[in-house]
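Presented below is the structure to which this report refers.
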Amino acid sequence: MKQRVSALLREKFGREVVLEKPRDRSFGHFATPIAFSLAKELKQSPMAISEELASSFEENDVFSKVESVKGYLNFRLSEGFLSQYASWVLQNHSEFAKQEKKEKLLLEFVSANPTGPLHIGHARGAVYGDTLYRLAKHLGYDITAEYYVNDAGNQIDLLGLSIQLYGRENILKESVEYPQSYYRGDYLAPLAQKAVEKFGIEILSDESRQKELAIWAKDGVMELIVKTLADTNIHFDTFVYESTLYDDWDRVMSKMGDGVYKKDDKIYIASSQKGDDSDRVVVREDGRATYLAGDIVYHNQKFERSYDHYINIWGADHHGYIARVKAAVEFLGYDSNKLEVLLSQMVSLLKDGEPYKMSKRAGNVILMSDIVDEIGSDALRFIFASKKSDTALEFDLAEFKKQDSSNPIFYIQYAHARIQTILSKSTLTQDEVMNASLTNLDESADILLFDALLLPEIVDDAFHSRGVQKLPEYLKSLAASLHKFYYDYKILGTPNEAKYLKIFMVVGLSLRVGLSLMGIKAKDYMSKEIEE
RNA sequence: GCGUCCGUGGCUCAAUUGGAUAGAGUUUCGGACUUCGGAUCCGACGGUUAUAGGUUCGAAUCCUAUCGGGCGCACCA
């Protein structure tokens, strides 16, 4: 819709025209401040220019009115155009808001270590990433969702140790002394139990077998993580394991050429040449590679797989890492501008107004799976998708558990359910509704229809600006328009029944598509009890 | 100290990326059911967009400084 209008104006003015939503709908459907930018070039007042432009529009199919208000140029779409578009949308509902982009994208997100279950902080990045993924897919991009599994390094050894400690205390009933760092949590119980079944009881006490134990156990932890994600409708196309990458290290290192150098028996990457604060160690004196080395091999592998654009979603605590990874990409001979790192800011929890500190090792974590159990996947997704990802999010646990009408997800679902109910109660046939011509609409009906047809613009904007919160924002306001219209107008048994139902069908479609892009299934009816 | 993200009604968040009178929800108060689902709708209260300068037709948004907060600043991942 917007594309159509935009193309029309581009043709007329010979330049790209910024189209926006007017502040007040009575001004029209679209507006542009083009006169302001022309004012300087033409040395005329914006008012005069917009007046002139407005009067230069002749009769056409798309606009019913073009007028100038305080320098803004406002466009009102013709009923014929809107009506035609609405019919097209209903007949081609599977094409609604879709595009055909050709680019290949690689989106890496979550990538939590396989040493414990996902906590509430991971949930934010997971929801953000999956929503972007769904948007991109809908827009026709060839996008791959990837999870990078850090299954090498100290934290894996620590997992082995932690299982042993748990088993010795709870199965062997020994009294054990806990070192400073180890993992704890209920998830260790089944791991310890299964380890005993698989390896025998002696696995718990043999320190030399920690690594063996950990390598086995990490798969179990990954299963846990994948299940939690699946419960939230989040799926990955590919998993890349850090442990499989190091064989490639020598080749990758030589590929970087002068980007790496040896000093004091260690190998450094000269990342300070590429904007990093200092050079970084990639191989230690004893020959063990650092974490960064793994990331370098991984990113080399990503670029060798050849995508048009790469998006990483990292927690904000990793932002210091961006410069060094980008430096490595440059040394490898690739364009680091193709790598886009999005940070999802921390989630801080309050409990009864007091800051609630999370520490994985201390075990007092809020698990993602616990939240899903309590409020459901839909509410979790909605809440996290509603906030801009670059703002630290703070919420009270009590608030999060609330499950009443203040929760916007219920509000939107109810709007959709209302539409389904009224459609099923109508005695009109499908054809009678579909063939209704959407003309002579009054202001409210026109606005409702136009809002419902706006989904394609929202989807496009939400993805390209990486601002997924625009989608829930839109759905809330569309639901509000629907509820208001529903309250103000009687529909069944009136002369306008077919018209209004047709508009409702478009609204329902927008809500349904919008929700599905958030990984939420629209409901056709709401049960009386409040439950998921 | 350096880097980075931020600071918007009492609270949680928006604001078409520089555009028209800064909007929603929540809280508080007051209204609307002989109506298709009242899980709804309407109204009121509530703002110097942290502060001070600057840039221009126009600033919550860009620049500078100050104040306040989160997160980094490993040969840990």
Side-chain angles (χ1 to χ4, degrees), chain A residues 2 18-24 27 30-33 35-37 39-40 45-47 69-72 74 112-113 115 150 152-156 158 181 242 264 266-268 277-278 280-286 288-295 315-323 343 345-346 348 383 386-396 399 402 404-408 410-411 413-415 417-418 421-426 454 457-458 461 464-465 467 469-470 472-474 476-477 479-480 482-494 497 500 525-528 530:
Chain A
K2 192 171 176 178
V18 181
L19 272 187
E20 27 188 72
K21 194 169 83 183
R23 184 56 71 194
D24 186 335
F27 287 143
F30 287 112
T32 177
F36 291 102
S37 32
K40 210 175 251 174
S45 84
M47 297 282 286
V69 181
K70 292 203 285 189
Y72 285 83
N74 296 324
N113 292 342
T115 53
N150 290 117
N154 288 344
Q155 84 277 12
I156 283 295
L158 221 47
S181 42
E242 182 185 6
D264 305 333
K266 295 175 234 180
I267 297 175
Y268 287 78
D277 296 335
S278 66
R280 310 287 171 178
V281 174
V282 286
V283 181
R284 289 170 272 227
E285 284 173 283
D286 59 9
R288 281 156 53 233
T290 63
Y291 174 75
L292 178 59
D295 253 349
D317 54 341
H318 282 62
H319 83 256
Y321 241 75
I322 299 175
L343 298 177
Q345 290 290 329
M346 302 289 103
S348 48
I383 289 166
S386 300
K387 321 289 180 185
K388 269 190 306 199
S389 67
D390 55 1
T391 314
L393 170 61
E394 194 173 83
F395 61 84
D396 202 302
E399 197 74 16
K402 264 166 73 174
D404 54 27
S405 61
S406 71
N407 190 337
F410 287 95
Y411 186 78
Q413 291 283 24
Y414 183 40
R418 272 187 148 169
T421 307
I422 201 166
L423 283 172
S424 68
K425 283 193 177 164
S426 169
L454 220 44
E457 280 74 45
I458 304 295
D461 185 29
H464 290 107
S465 68
Q469 80 282 357
K470 289 166 197 277
E473 204 63 36
Y474 165 74
K476 265 191 283 186
S477 82
L482 186 278
H483 284 307
K484 181 165 171 48
F485 189 87
Y486 184 94
Y487 184 84
D488 289 340
Y489 290 77
K490 178 133 172 75
I491 293 151
L492 294 183
T494 70
E497 180 171 344
Y500 290 162
Y525 54 86
M526 309 291 282
S527 54
K528 202 69 183 169
I530 295 174

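Just the heavy atoms: all of them, side chains too, but no hydrogens, waters or symmetry mates, feed the values below.
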Query raised in the report: Are A/Y321 and A/Y291 close enough that their ring centers fall under 6.0 Å?
Result: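 Yes, they do, as the ring centres are separated by less than 6.0 Å.
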Kindly state whether the ring of A/F27 and the ring of A/Y72 have centres lying under 6.0 angstrom apart.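 Centroid separation for A/F27 and A/Y72: 6.0 Å or greater.
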Can you check whether [Y]'s main-chain N or O pairs, donor with acceptor, with [X]'s side chain at less than 3.5 Å?
X	Y	answer
A/T115	A/I156	no
A/S386	A/P472	no
A/E242	A/G153	no
A/S426	A/L423	no

What nucleic acid atoms does [X] come within less than 4.0 Å of, heavy atoms only: base, sugar-phosphate, or nothing?
X	answer
A/Q469	sugar-phosphate
A/K476	nothing
A/A39	nothing
A/K490	base
A/A31	base
A/E20	base
A/D461	nothing
A/P46	nothing

Please report the distance separating the [atom1] of [N] from the corresponding atom of [M], rounded so that it comes out in whole Å.
N	M	atom1	answer
B/rC11	B/rU16	C1'	26 Å
B/rG54	B/rC42	C1'	45 Å
B/rA22	B/rA15	C1'	7 Å
B/rU64	B/rU27	C1'	39 Å
B/rU28	B/rG10	C1'	10 Å
B/rA24	B/rC63	P	29 Å
B/rG68	B/rU51	C1'	11 Å
B/rU26	B/rG9	C1'	12 Å

[N], OP1 or OP2 - any side-chain N/O from [X] closer than 4.0 Å?
X	N	result
A/Q345	B/rU4	no
A/K21	B/rA20	no
A/K70	B/rC57	no

(message) How about OH on A/Y525, more than 12 heavy atoms from neighbouring residues, nucleotides or ligands closer than 6.0 Å, or not?
(response)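 Counting neighbours around OH of A/Y525, 12 or fewer heavy atoms of other residues, nucleotides or ligands fall under 6.0 Å, so no.
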Pairwise N/O distances under 3.5 Å, protein to nucleotides 41-47 of chain B:
from	atom 1	to	atom 2	distance (Å)
B/rC41	OP1	A/Y411	OH	2.3

Just how far, in rounded Å, is [atom2] of [N] from [atom1] of [X]?
X	N	atom1	atom2	value
A/H319	B/rC6	NE2	P	12 Å
A/E285	B/rA74	CD	P	18 Å
A/H464	B/rU17	NE2	P	14 Å
A/K388	B/rC5	NZ	P	13 Å
A/D317	B/rC73	CG	P	9 Å
A/M47	B/rA20	CE	P	16 Å
A/H318	B/rC73	NE2	P	10 Å
A/I422	B/rU35	CD1	C1'	11 Å

[X] side chain, from C-beta outward: closest of [options]:
X	options	value
A/P33	B/rU40, B/rC36, B/rG19	B/rG19
A/K470	B/rG38, B/rU16, B/rC5	B/rU16
A/K387	B/rG19, B/rA77, B/rU12	B/rU12

Please tell me if the side chains of A/Y486 and A/I422 come closer than 4.5 Å, counting only heavy atoms from C-beta onward.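 They are in contact (side-chain heavy atoms under 4.5 Å apart), so the answer is yes.
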- Query: So do A/R288 and A/N154 actually touch side chain to side chain, heavy atoms under 4.5 Å?
  - Reply: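 A side-chain contact exists here, since the closest heavy-atom pair is under 4.5 Å.
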Glycosidic conformation of B/rU17, taking syn as within 90° of 0 and anti otherwise =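 Base orientation relative to the sugar is syn.
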| query | Do the side chain of A/N74 and the base of B/rA20 come within less than 3.5 angstrom through a donor-acceptor pair of N or O atoms? | reply |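 Checked by distance alone, the answer is yes.
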Atom of [X], atom of [Y] and distance for their closest heavy-atom approach:
X	Y	result
A/H483	A/R418	ND1-NH1, 3.0 Å
A/P33	A/V18	CD-O, 3.8 Å
A/G315	A/M346	C-CE, 4.2 Å

Fill in: Upstream residue (5' side of RNA chain B) when A/R288 and A/V18 are each assigned their closest nucleotide
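Nearer the 5' end of the strand: A/V18.
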Most 5' of A/R418 and A/T290 on RNA chain B, judged by nearest nucleotide:
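Counting from the 5' end, the first nearest nucleotide belongs to A/R418.
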Under a 3.5 Å cut-off on both pairing distances, which runs of 3 or more consecutive Watson-Crick or G-U pairs involve RNA chain B?
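Correct response: B:1-7 with B:67-73, B:10-13 with B:23-26, B:28-32 with B:40-44, B:50-54 with B:62-66.
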